[in-house]
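In what follows, chains are A, B, ... by sequence order, proteins preceding strands, each numbered from 1.
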Amino acid sequence: MLNFEEELKRFRPSLEIGNVEDAISKEDLTDMTDLMTELLKEKKS
Amino acid sequence: MDTAMRNHRLSNVYYNMGLAKAQERDLTGAVEVLKMSLRFNKYQTDARNLLGLIYHEIGEVGAALAQWIISLNLQEKNNLAEEYLQILQNESGYLDMADQAAKKYNQSLSYAHGENADLAILLLMRMVEEMPNYLKAQQLLALLYIQNEDYTKAGRCLYQALKIDHYNPLAQRYMTVVKQNTGRAEVERRKLKNAFSHRQMQDDDIILPPTYKENTGWQSILNILAGLILGVVVVFFLVTPTVRDSVVSKYEGEIRQNLELVNQKSLQIDQLERQMEEASAAQEEAENSLADMVSSSGGVISQYQHLVQILQAYRAEDMRTAVQLYLDTDFTVLNDGVLNDIAAWVQQDMAANGFPVLEQMGDEAIAQSDAAQAIDYYQKSLTINPNNIGVIYKIGLAYKGTGNTDEANQYFGDIIMNHPESEYAAQAKEQRGY
């Protein structure tokens, strides 16, 4: 049987249209190439 | 460079997987692999646009807009995202409707957390009528119905959810619970009941007249007990296997399909793990070669830095600094073709003009009574031009001046033995005393 409270925790709020701009600015766009570049910079310095 | 190419390739592999899953309507699976694709290459525009499309399909319009806007920012030209955004904007009232749906869903979630399940159900019911493809709303409504033991309605919501996303794990799990608690169990119970209620008359059956009765009480009880035992035996040997077989055959096809899917997924996982291993190995290789290049003592980059400093000293006509830097530079590693000509020119110039500068510096040190420094400069001069007999003689004199006769005699001896014809041979003999 289902544990209602536990199941409810799986549900996250949806993104409202008015919050799209904020969501975009907070989006983490780091990819593997960025990570590699960062690593190389740290090594050089 | 290789690592970047591998990242792009991995990104493309994940994108292709995401596309295949989306085509099969495995939207949850598609979202996961498309996110992986973007982790390897954020400029994989097709993956981002497809992710947006899937979000739109499951009713997450805000998330879809976010992905398409980001896509357009990363690639302004020839981007489908522009077309998608245009379509949404041109659809009158659609964005408002989607926004309202998201707000209602969030409000329902809040009600559900606050134990106002009835309000949550009311709000969700109206919302899914307007947007039946809003997956999360259908799932939450199903959960609330299950909580209220309204399994039939829950089943309808889950059916809608699985129409949108065929393999949605949450919907499948809830559907299992619903099936356990609805009609299906009723059907099974009815089948068991019918096993006892119908029996065909045989030729040798005797029809007892109603007046005939079994009169003894104990026999009645025994008959009842025998009937019960017989019933249990019949169920065990006849009904249960039939029920089991029909259930097994019904689900056999589904089980086979699921096993094939699991097998396929396992193969895909193996392939991805291999690719991840290759990527990790390539990364490690890149890190190692970079570590070699930047290591402080003999690294290539530090040698290039020396070369730059030498050139700066030349430009400032500071030959003394240039020659000392030259001695600290390992020219053997400066051979990648980029600055070969410059390195060769520096070496040639130093061979011709560098050693006299060091000899001059040594002479100045002697004048300042700093024999140790003078010897150091003379030695460095010899590393550039080892056949400068004058410098050899000066080293001998310097050692003699500090009282280190043994060292001095070695240098004088070197002149006498190896350069007997030179102008310094006689002086060396004199200094040595023999």
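Relative ring orientation between B:Tyr14 and B:Phe40 is described as parallel, the plane-to-plane angle staying below 30° on a 0-90° scale split at 30° and 60°.
For the atom pair CG (B:Asn41) and CE (B:Met5), the distance works out to 13.0 Å, reported to the nearest 0.5 Å.
Sparse packing is recorded around NZ of B:Lys153, with 12 or fewer heavy atoms of other residues, nucleotides or ligands lying under 6.0 Å away.
Only the side chain of A:Asp34 comes within contact range of chain B, judged by heavy atoms closer than 4.5 Å. A:Thr37 does not touch chain B: none of its heavy atoms, backbone or side chain, sits under 4.5 Å away. With a 4.5 angstrom heavy-atom cutoff, B:Leu109 touches chain A only via side-chain atoms. Only the backbone of B:Leu38 comes within less than 4.5 Å of a heavy atom of chain A; no side-chain atom from C-beta onward does. Contact annotation for B:Gln67: only side-chain heavy atoms (C-beta onward) come within less than 4.5 Å of a heavy atom of chain A.
In terms of non-hydrogen atom pairs under 4.5 Å with chain B, the most contact-rich of A:Asp31, A:Leu15, A:Thr33 is A:Asp31. Per-residue counts of heavy-atom pairs under 4.5 Å with chain A were compared for B:Thr176, B:Val61, B:Leu170, B:Asn106; the largest is that of B:Asn106.
Under 4.0 Å is where a charged nitrogen must lie from a carboxylate oxygen, and between A:Glu7 and A:Arg10 at least one such pair does.
Sorted by first and then second residue, the salt bridge (Lys or Arg N to Asp or Glu O under 4.0 Å) pairs involving residues 20-29 of chain A (not counting sequence neighbours) are A:Asp22-A:Lys26, A:Asp28-B:Arg39.
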Salt bridge (Lys or Arg N to Asp or Glu O under 4.0 Å) between B:Arg274 and B:Glu277, intermediate numbers included:
CA-CA 5 Å; B:Arg274 271 197 302 277; B:Glu277 275 171 19; over 6 Å; no
Test side-chain contact (heavy atoms from CB on, under 4.5 Å) applied to B:Tyr134 and B:Ile58, step by step:
CA-CA 5 Å; B:Tyr134 200 153; B:Ile58 62 174; over 6 Å; no
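If you look at B:His113 and A:Phe11, their ring centroids are not closer than 6.0 Å.
Considering only heavy atoms from C-beta on, B:Leu65 stays 4.5 Å or farther from A:Ile24 through its side chain.
Residues from residues 85-93 of chain B never place a non-hydrogen atom less than 4.5 Å from a non-hydrogen atom of chain A.
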